[in-house]
Amino acid sequence: MEEYGRASNFIEEFIDEDLRSGRFDRVKTRFPPEPNGFLHIGHVKALCIDFGIAEKYSGSCNLRFDDTNPTKEDTVFVEGIQKDIEWLGFHWDKLYFASDFFEKLYEIACLLIEKGVAYVDDQTSEEMRLNRGTLKTPGVNSPYRDRSVEENLDLFRRMRAGEFPDGSRVLRAKIDMASPNMLMRDPTLYRILRHHHHKTGDKWCIYPMYDFQHPLQDAIEGITHSLCSLEYEIHRPLYDWMVAQAAFAHPPRQIEFARLNITRTVMSKRHLRRLVEEGYVSGWDDPRMPTLVAMRRRGYTPEAIKDFLARVGVAKADSTVDGALLEACVREAMGSEAPRAMAVLNPLKVTLTNWPEGRVDELTMENHPDHPELGERTVRFSKVCYIEREDFMENPPGKFFRLAPGREVRLKGAYIIKCEAVVKDASGEIVELSCSVDLNSRSGEEGANRKVKGTLHWVGEADARPAEVRLYEPILLDEYEAAEALDPEAEEVEETASNAADFINRLNPNSLTVMPDALVEPAIAEAPVGARFQFLRMGYFCKDPDSSEGKPVYNRIVPLKDTWAKVARN
RNA sequence: UGGGGCGUCGCCAAGCGGUUAAGGCACAAGACUUUGACUCUUGUACGCGUAGGUUCAAAUCCUACCGCCCCAGCCA
């Protein structure tokens, strides 16, 4: 490895430096989730960095489950996480569990006791909290801080043996109760905790803490660069202390980066759990969730997600990425891939008054305008068809060039029609349009070669299959909407800030819109679950597992850009 | 008011003493169009949190302010 290429971010600069200086002669990273929930897109940033850097430097990346708190962990999550990582297309080198190393970690703890840098503390957690001091005042030493090595060893052994009740004692590092860094004020290394562990069962009743386990585990695995998010920056002195005390020959280097935030997206595991448990969503895989299970179900592709993270970049500044960037990545990934087809989400019946009775045309439609290799399909056109309700306006504004009374419009791949009459029901609602059709304007024929401003998607009566379509918006309101929702009277956004503190108050009531009466062409109805299409003019959609034989269900992954919607709004 | 970080276009983000301060998203205008999509073209920081200073030259170095984030779990 003489040439490392161009560093594309500050982490790679550090690594280049380490390789040049000889601090390391290879690169080994790790992705260390706690199996206490499903992975979300925030984790994908770490995944892309951990695996991406390993790959760039011809190194490797381990998958390690930091399963040191059995009260929160479960095998369904370890399985789910592995599946998600595989789905994204990342390949780990070794698969480890922190729990595989409990014995080894116990030995190191004993070593620290023998060195006189760890002790058993009998204080209650309350006493410990009080004696820790505050951000501005130093803490005071525990009365148990100066126990003999022998006594500490004996006590720690008996902690493991189960002689003491939960919470009665802890093992602590002996560092500095006056340190300005709170984490260095004799951090807890082990606690007594009787709880069934998903891997080790009831073998252990003491469990190591993150600040003890994580750095040592990195060192044991031979990790060179331990990449984590910014909130661990303050843990770094402790990380280094731990590895130094255990006397590892090649201490890993911890480097921190800013975690991912996306506008109007819930990104905290705690909050996501609450959405699930309190029923605001249907589950971890509700397509509105930012979890990978949910994004997969909604129809996002690994390519789009990884491209998004690549475009977001890596730096140390706290940031919130515009959700529009993710949408742009999805559209780009899908644009040349997804076959096109027609679906009418909110149908309006159109009857062609001059269409010959009983005539049915079979029309050939391309599956993709730029990729003929994706083939063609046949759709049927007859006297009755359905168009999108929003494509007709009785009193259209200036720049509207869809259908309106007396106006002509082209039906994609079919004929040009003209609206002759509007049929309404007793309540005045429009129920049907009577249109004339230019029988010489069939696509591909000479009569079709005239300028018509609007082109609409449609579904013919002969082909129309019922479907349910689900539309999504961000799960959170934007700042302005949230302020309005909480207090329409408020003058300033700031005034409602405290009410907005609970994210539940900022949930978007329109995050899910169900279109129960959509009509789709057969290609869409018959596609397998997971199939993706561009519904012409409506967006990209993916068939949901909720689909049944007679009723396909589609999720809108992302809408198409809609210039008209913008014009109409102003 | 202790300590650790961070502040470059609406949102991300390059930049590492000498460049007209990259690029993407968003936005705007135009071309093309049987998807108001796609594609294409064009435009968008005389400015780099603020104020001073060093230098022939500063977003890059120094000083002082200002703002934001993290830390007082027997969570990770």
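Each chain gets a letter, A, B and so on, in the order its sequence line appears, and its residues count up from 1.
Look at CG on A/N261: it is 12 Å from C1' on B/C11, rounded to the nearest Å. B/C74 atom P lies 13 Å from atom NZ of A/K72, rounded to whole Å. For the pair A/N9 CG and B/A22 C1', the computed distance is 16 Å after rounding to whole Å. Between the P atom of B/G73 and the CZ atom of A/R270 lies a distance of 15 Å, rounded to the nearest Å. For the pair A/Q123 CD and B/G73 P, the interatomic distance rounds to 13 Å; values are reported in whole Å. Taking atom CZ on A/R129 and atom P on B/G73, their separation rounds to 7 Å, with Å as the unit.
Contacts of A/F401 with the nucleic acid, taken as non-hydrogen atoms under 4.0 Å apart, include base atoms. Nucleic acid contact class of A/T263 (heavy atoms, under 4.0 Å, all strands): none. Note on A/Q213: nothing from the nucleic acid sits closer than 4.0 angstrom, heavy atoms only. Among the protein residues, A/R169 comes within range of no part of the nucleic acid, since none of its heavy atoms lies under 4.0 Å from any strand. Among the heavy atoms of the strands, none lies under 4.0 Å from A/R236. In this structure, A/S443 reaches the bases: a heavy-atom distance under 4.0 Å links it to at least one base atom across the strands shown. Nucleic acid contact class of A/S125 (heavy atoms, under 4.0 Å, all strands): base. Contact annotation for A/M209: backbone-only contact, meaning every heavy-atom pair under 4.0 Å involves sugar-phosphate atoms and none involves a base. When heavy atoms are screened at a 4.0 angstrom cut-off, A/T124 is found touching base atoms of the nucleic acid. Residue A/G323 is classed as having no contact, given no heavy-atom separation below 4.0 Å to the nucleic acid. Among the protein residues, A/V314 comes within range of the sugar-phosphate backbone only, with heavy atoms under 4.0 Å from sugar or phosphate atoms but none that close to a base. Contact annotation for A/Q534: base contact, defined as any heavy-atom pair under 4.0 Å involving a base atom. A/G413 comes within 4.0 angstrom of a nucleotide base, judged by non-hydrogen atoms across all strands. Nucleic acid contact class of A/S319 (heavy atoms, under 4.0 Å, all strands): sugar-phosphate only.
Picking from B/A76, B/C75, B/U33 the nucleotide with the shortest atom distance to the side chain of A/K451 gives B/U33. The side chain of A/V170 sits closest to B/C74 out of B/G36, B/C74, B/G4. When distances run from any side-chain atom of A/T320 to the nucleotides B/G15, B/G36, B/C12, the shortest one goes to B/C12.
At a non-hydrogen distance threshold of 4.0 Å, A/P369 from residues 364-381 of chain A come into contact with RNA chain B.
With sequence neighbours excluded, no residue satisfies ring pair (Phe, Tyr, Trp, His ring centres under 6.0 Å) with A/Y540. Every residue two or more places apart in sequence or in another chain that forms a side chain to side chain contact (heavy atoms under 4.5 Å, CB included) with A/A219 is listed here: A/V243, A/F248, A/P252. A/R556 is linked by a salt bridge (Lys or Arg N to Asp or Glu O under 4.0 Å) to nothing, counting only residues two or more places apart in sequence or in another chain. Legend: residues meeting side chain to side chain donor-acceptor pair (under 3.5 Å) with A/E445, ordered by chain and number and at least two apart, are absent. Under the side chain to side chain donor-acceptor pair (under 3.5 Å) criterion, A/S229 pairs with A/E231, not counting sequence neighbours. Residues passing the ring pair (Phe, Tyr, Trp, His ring centres under 6.0 Å) test with A/W204 are A/F102, sequence neighbours excluded. Taking the side chain to side chain contact (heavy atoms under 4.5 Å, CB included) definition, one finds that A/D463 meets it with A/V379, A/R380, A/P522, sequence neighbours left out.
Here A/R442 does not reach the OP1 or OP2 of B/U34: none of its side-chain N or O atoms lies under 4.0 Å away. The side chain of A/R185 contributes no N or O atom lying less than 4.0 Å from OP1 or OP2 of B/G73. Distances shown here put every side-chain N or O of A/K316 at or beyond 4.0 Å from the OP1 or OP2 atom of B/A13. Between B/C75 and A/R191, a contact under 4.0 Å exists linking OP1 or OP2 to a side-chain N or O. One finds no side-chain N or O of A/T455 lying less than 4.0 angstrom from the OP1 or OP2 phosphate oxygen of B/U33.
A/L105 places none of its side-chain heavy atoms less than 4.5 Å from the side chain of A/T68. In this structure the side chain of A/L155 never reaches within 4.5 angstrom of the side chain of A/Y144, judged on heavy atoms.
Look at B/U54: it lacks any Watson-Crick or wobble partner with both distances under 3.5 angstrom. Pairing partner, B/G43: B/C27, with both Watson-Crick or wobble hydrogen-bond distances short of 3.5 Å. Base pairing annotation: B/C38 forms no Watson-Crick or G-U wobble pair, as no partner gives both donor-acceptor distances under 3.5 Å.
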* Structure fact -> Once base and sugar-phosphate atoms are separated, protein heavy atoms under 4.0 Å mark nucleotides 66-71 of chain B, 5' to 3', with B, S and - as ---SSB
* If the sugar-phosphate is the primed atoms plus P, OP1 and OP2 and the base is the rest, what is the B/S/- string for nucleotides 25-32 of chain B, using protein heavy atoms under 4.0 Å? -> SSS-----
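Shown are A/F164, A/Y207, A/F212; of these, the ring pair (Phe, Tyr, Trp, His ring centres under 6.0 Å) with A/Y190 is made only by A/F212.
Among pairs with a residue in residues 314-337 of chain A, those fulfilling salt bridge (charged side-chain N to carboxylate O under 4.0 Å, His left out) read A/E233-A/K316, A/R311-A/E332, A/E327-A/R331, at least two apart in sequence or across chains.
No side-chain donor from either of A/N69 and A/E34 sits under 3.5 Å from a side-chain acceptor of the other.
Within 6.0 Å of CZ in A/R259 there are 12 or fewer heavy atoms belonging to other residues, nucleotides or ligands.
A syn orientation is assigned to B/G73, its glycosidic angle lying within 90° of 0.
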Without placing hydrogens or testing angles, list every side-chain donor-acceptor pair under 3.5 Å for residues 561-568 of chain A, not counting sequence neighbours.
from   : atom 1 : to     : atom 2 : distance (Å)
A/D562 : OD1    : A/W564 : N      : 3.2
A/D562 : OD1    : A/A565 : N      : 3.0

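We find that the ring of A/Y210 and the base of B/A76 do not stack by the test of centres under 5.5 angstrom and planes tilted less than 30°.
Judged by atom type and distance alone, A/K412 does not reach the base of B/U34 through any side-chain donor-acceptor pair under 3.5 Å.
Using bins of under 30°, 30° to 60° and over 60° for the plane-to-plane angle, the ring pair A/H43/A/F31 lands in the perpendicular bin.
Comparing A/A317 and A/V312 by the nucleotide of RNA chain B that holds the closest heavy atom to each, the one mapping nearer the 5' end is A/A317. Mapping A/T563 and A/M128 onto RNA chain B by nearest heavy atom places A/T563 closer to the 5' end of the strand.
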